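Remarks on the structure that follows.
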Amino acid sequence: MAVGIFDSGLGGLTIWEAVQARLPEQDFVYLADSANAPYGVRDADDIYDLTVKSTQRLFDSGCDLVILACNTASAAALRRMQENWVPPDKRVLGVFVPLIEALTERRWGDNSPPREVSVNNVALFATPATVATRAFQRELSFRAIGVDVEAQACGGVVDAIEDGDMVLAQELVRSHVEALRRKMPRPETAILGCTHYPLMRDAFQDALGADVRVLSQAGLVAESLADYLVRHPGRTGTGSAAFLTTGDPKRVSQRANQFLRQEISFQAA
Ligand code: DGL
C-alpha cells in the first residue's frame with residue numbers, strides 16, 4: 001500500500017527524497033496543492049479545510065497513511081484532524097515531532113518529563129502561519145526546559161521558491177536571518193521549520209555563519225517513518241512514486257526537476 005505525502009507545493013519533495021532513499025521498496029503518492037500555495041499566509045480554518053481536502057484525495061488514491069510534509073499544515077491542522085476527522089482505519093502523521101525529538105535528544109515516543117538539554121538558544125525559521133500557532137514552542141516545552149526559542153516568520157520565501165525566483169529567495173533569507181539576529185544575536189541551532197527551506201539551506205547557512213548548526217527535517221522524518229513502518233508492517237511495494245498537483249502539471253514538473261535535479265513528472269490531481 002502506498003504512503004501519501006502532502007505539501008502545499010514543492011517543499012515536501014525534500015521529505016519524499018529522503019524517505020524514498022531510506023525506504024526504496026515503499027510506494028508513494030505525492031500531492032502538491034500548488035493551486036492554493038502558499039498556505040503560510042492563510043488562517044487556521046483555511047489551512048484545515050485545504051489540508052483535509054488534500055488528505056482525503058490521498059486516501060482516495062489508496063493511501064492509508066499520509067504524512068503532512070508541511071509544517072504549516074502540521075502546526076495549524078494536524079491535531080484538529082486527528083481529534084475530529086481522521087477515520088479509524090487511517091493515519092496522518094506530521095513533521096514537527098521528529099525534529100523536536102532530535103533537538104531534545106529523545107528517542108521516538110519518549111514521553112518522559114521535560115529535562116535540560118545541551119542547546120539553549122534556538123532560532124526557528126518558519127512560515128507566518130506556523131510561527132503564529134506557537135506549536136513548535138508548545139511541543140518543545142513538553143520535552144525540554146531552559147531552551148530560549150526566537151521565531152522568525154519568513155514571509156515571501158515560499159512564494160519565491162514556488163516561482164523559481166532563487167535570487168529573490170536568497171535575498172529574503174538574508175534579510176530574515178538579519179531580523180532574527182537583531183532579536184537573538186547568537187543562536188546555537190537554527191531550525192528550518194518549513195519543508196521548502198532545505199532548498200535554500202546554503203543561503204541560510206551562509207547568512208547564519210558556519211558555527212550555527214542548521215537542522216532540517218528530511219532525514220529525521222525518514223528515520224521516524226522507517227521506525228513507524230517497522231512497528232506497523234504490511235506496506236511493502238515496488239518503489240513506485242506518483243506525483244499529483246492541483247496546479248499546472250507542466251510548470252510544477254519543471255520546478256521540481258530544477259530543485260531536485262531529477263526527472264519528476266506531475267499529473268493533474
Ligand atoms: N512547505 C510548507 C511548510 O513546511 C510551506 C507552507 C506554505 O505553503 O506556505 O510549512
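Order of listing sets the numbers, starting from 1, for every ligand and every atom in it. Because the structure is predicted, anything quoted here is derived from the model rather than measured. The figures here come from the full heavy-atom set of this structure, side chains too, leaving out hydrogens, waters and symmetry mates.
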Could you list which atoms of ligand 1 come closer than 4.0 Å to a heavy atom of [X]?
X	result
Asn71	3 (C), 4 (O), 10 (O)
Thr127	6 (C), 9 (O), 10 (O)
Asp7	1 (N), 2 (C)
Ser8	5 (C), 6 (C), 7 (C), 8 (O)

Among all the protein's non-hydrogen atoms, which is closest to atom 6 (C) of ligand 1, and how far away is it?
Thr72 OG1, 3.3 Å
For atom 7 (C) of ligand 1, the protein heavy atom that lies nearest, with its residue and separation
Tyr39 N, 3.2 Å
What about the rings of Trp85 and Tyr48, do their centers lie closer together than 6.0 Å?
no
Any heavy atom of Gly9 sitting closer than 4.0 Å to ligand 1?
no
Thr130 versus ligand 1: do any nitrogen or oxygen atoms come within less than 3.5 Å of each other?
no
Before signing off on this row, confirm whether Gly40 and ligand 1 have an N or O atom pair separated by under 3.5 Å.
yes
Look at the rings of Tyr197 and Phe204 and say which category their plane angle falls in: under 30° parallel, 30 to 60° tilted, over 60° perpendicular.
tilted
On the 0 to 90° scale, with breaks at 30° and 60°, tag the Phe243-Trp16 ring pair as parallel, tilted or perpendicular.
perpendicular
Could you tell me if the side chain of Arg57 sits less than 4.5 Å from the side chain of Asp33, heavy atoms only?
no
Report yes if some heavy atom in the side chain of Leu13 is under 4.5 Å from a heavy atom in the side chain of Tyr30; otherwise report no.
yes
Over all heavy atoms of both residues, which pair between His196 and Ser8 is shortest? Give the atoms and the distance, please.
CE1-OG, 4.0 Å
Give me the atom names and distance for the closest heavy-atom approach of Met166 to Phe259.
CE-CE2, 3.3 Å
